[in-house]
Amino acid sequence: MKQEVLLEARGLSYDYGEGFRLPPVSLTLRRGELLVIHGPSGAGKSTLIRLLCGLLPSPTGRLLYRGEPVDCGSPDRLAAFRRRIGIVEPRRPLPTGRSLRSLLDLALQARGLSSDARRRQCVRLLGQVGLSARAQADPATLSEGELRRAQLALALGGHPELLLLDEPLSNLPAEVRDQIFAELKSLRSRGTAILLSSHDTRLQEEGRLLRMEHGRLEEAR
Amino acid sequence: MSPWHVPLEALRILARSKVRALLLLCASGLFWFVVCQLLLLWGSSGSLSSGVFRQVPADLYLFRDTEPADLERLRATVDSLSEIEWGRLITPQDAAADFLRAFGEDPEELLGENPFPMSVELRLRLGGDRPRMEEQLRFLAFQPAVEELQYSRGLLDKVSGRLRQGTFILLALLLLLLVGVLLLQRMAWASQLRAWRPEMETLARLGAPPAEIRRPLLLLAVIQGLVPALAALACSLALVGLAAGIGLPLRAPLSLWWILLPAALWMPLVEWNRQEKQLRASYYDSGLFESRRSV
């Protein structure tokens, strides 16, 4: 039996200016599905992920979450949509000058969790991404791999139904990649829908693979 | 949301940008101090100038046979005139005593009688309305008890001119300082907001509503508005006390609420406007989002 459609993009596009344009893209993502977008650098993968979480405006098409249009024009409505999803953008730096635990606590407050729930989730999330020992560390002192795992912990706070991950495994040591990979598999088995852009061939075996080239998206198999 | 979250985050912003916060507090303090000085200047220019230019004499010489009832009427008339700060009755005995103090000789012994008539020394409001002052002086000169009015119009013109010039220069300097301070305040505030931007972006991506992101910054704005305003008010009141000590009566509309209420509202209002752009840039990538539409 097919699972419920969580996210549906119908003809989303983006105008980069100076004649460059991401042509209209459509896709659907179901509960518990892993969708891997594969393609060379500059194909438009990151732009697509940003369009899907309302970070970029699409001059065309519609974005639907559980069948309802996402109103990206209103920060309040966009915030309500974002509380149900998790985003990882590796290129975006984390706030510094506070401990990782305090940052995670702030993130969980943003998700509307109570004080007790935050305390429990902080411990669980840091353990889940293997950063329990670094709970008091300032994000400025974390290594590249630790930062990526910290970003994943932030995205996982509040049990999102959908994860949108932009190159979560690139430039990471094999050991860290394995940890994150295992975590994503576990999340998927618990019903979380995951859309990610990656070059990692093992992930392609686990879910549906879409190939993106020159902004065009097509089923790879 | 925990009740301690907002003040704790506000303190964190403050701790993260100590130099900027100090700069902002100084700029705001200076801003409110200048505002207090403008209010002082506006409210007490008359009494201040009268105090500074005491040498401008205006005297009413009275008839020797003035009746007490006429004297009382004259006193009431002087009290009712807006451009006369006060009038002091000088009896012939007071005048003789002043002469004795000044020259060391008793005029009664020298001339065989007291030559001084009864007079009224007037203190004029020099910063006030000059034509009205002259009109009121003329009015006093025609009172039944008054034999003669003496004042130097030339000296009055000179003092009034200098006073106008001085007030204009001071006002211009204060306004210039106010503009400079506002620019400094704006720069420091923008820089403090930038220091908080990574948090704003993270929270926006995690789905925190804009109102929640704003709260710590708004609380900080109230604190950063009130503390320097209180300090500026205290300094200005101390200045008023100091001036009174050396005989310069400063009468100014320096009320606590006149300063504190705008101070409590000013910074959050400025902050609210500044946040708009930063918040939008936090919710959308690079502030590229311009239209409001469903995608």
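Chain letters run A, B, ... following the sequence lines, proteins first and then strands; every chain starts at 1. We use all heavy atoms of the structure for the numbers below, so side chains are in, but hydrogens, waters and symmetry mates are not.
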Side chain, backbone, both or neither: which part of [X] has an atom under 4.5 Å from a heavy atom of chain B?
X: R98(A); result: both
X: L78(A); result: side chain
X: I85(A); result: neither

So, taking the atom named [atom1] in [X] and the one named [atom2] in [Y], what distance separates them when rounded to the nearest 0.5 Å?
X: Q109(A); Y: L206(B); atom1: CD; atom2: CG; value: 12.0 Å
X: S102(A); Y: E9(B); atom1: OG; atom2: CD; value: 6.5 Å
X: L106(A); Y: T202(B); atom1: CG; atom2: OG1; value: 8.0 Å

Crowded around [X] [atom1]? As in, over 12 foreign heavy atoms under 6.0 Å?
X: R21(A); atom1: CZ; value: yes
X: R77(A); atom1: CZ; value: no
X: R186(B); atom1: CZ; value: no

Residues A110(A) and A208(B): closest non-hydrogen pair is CB-CB, 3.6 Å
Shortest non-hydrogen pair, G97(A) vs R12(B), comes out as O-NH1, 4.1 Å
[X] side chain vs [Y] backbone, donor-acceptor pair below 3.5 Å:
X: Y284(B); Y: C72(A); value: yes
X: R205(B); Y: V88(A); value: no
X: R82(A); Y: Y283(B); value: yes

Are P209(B) and R83(A) packed together at the side-chain level, in the sense that at least one heavy-atom pair is separated by less than 4.5 angstrom? yes
Select, from P210(B), S282(B), A211(B), the one with the greatest count of heavy-atom pairs under 4.5 Å involving chain A. P210(B)
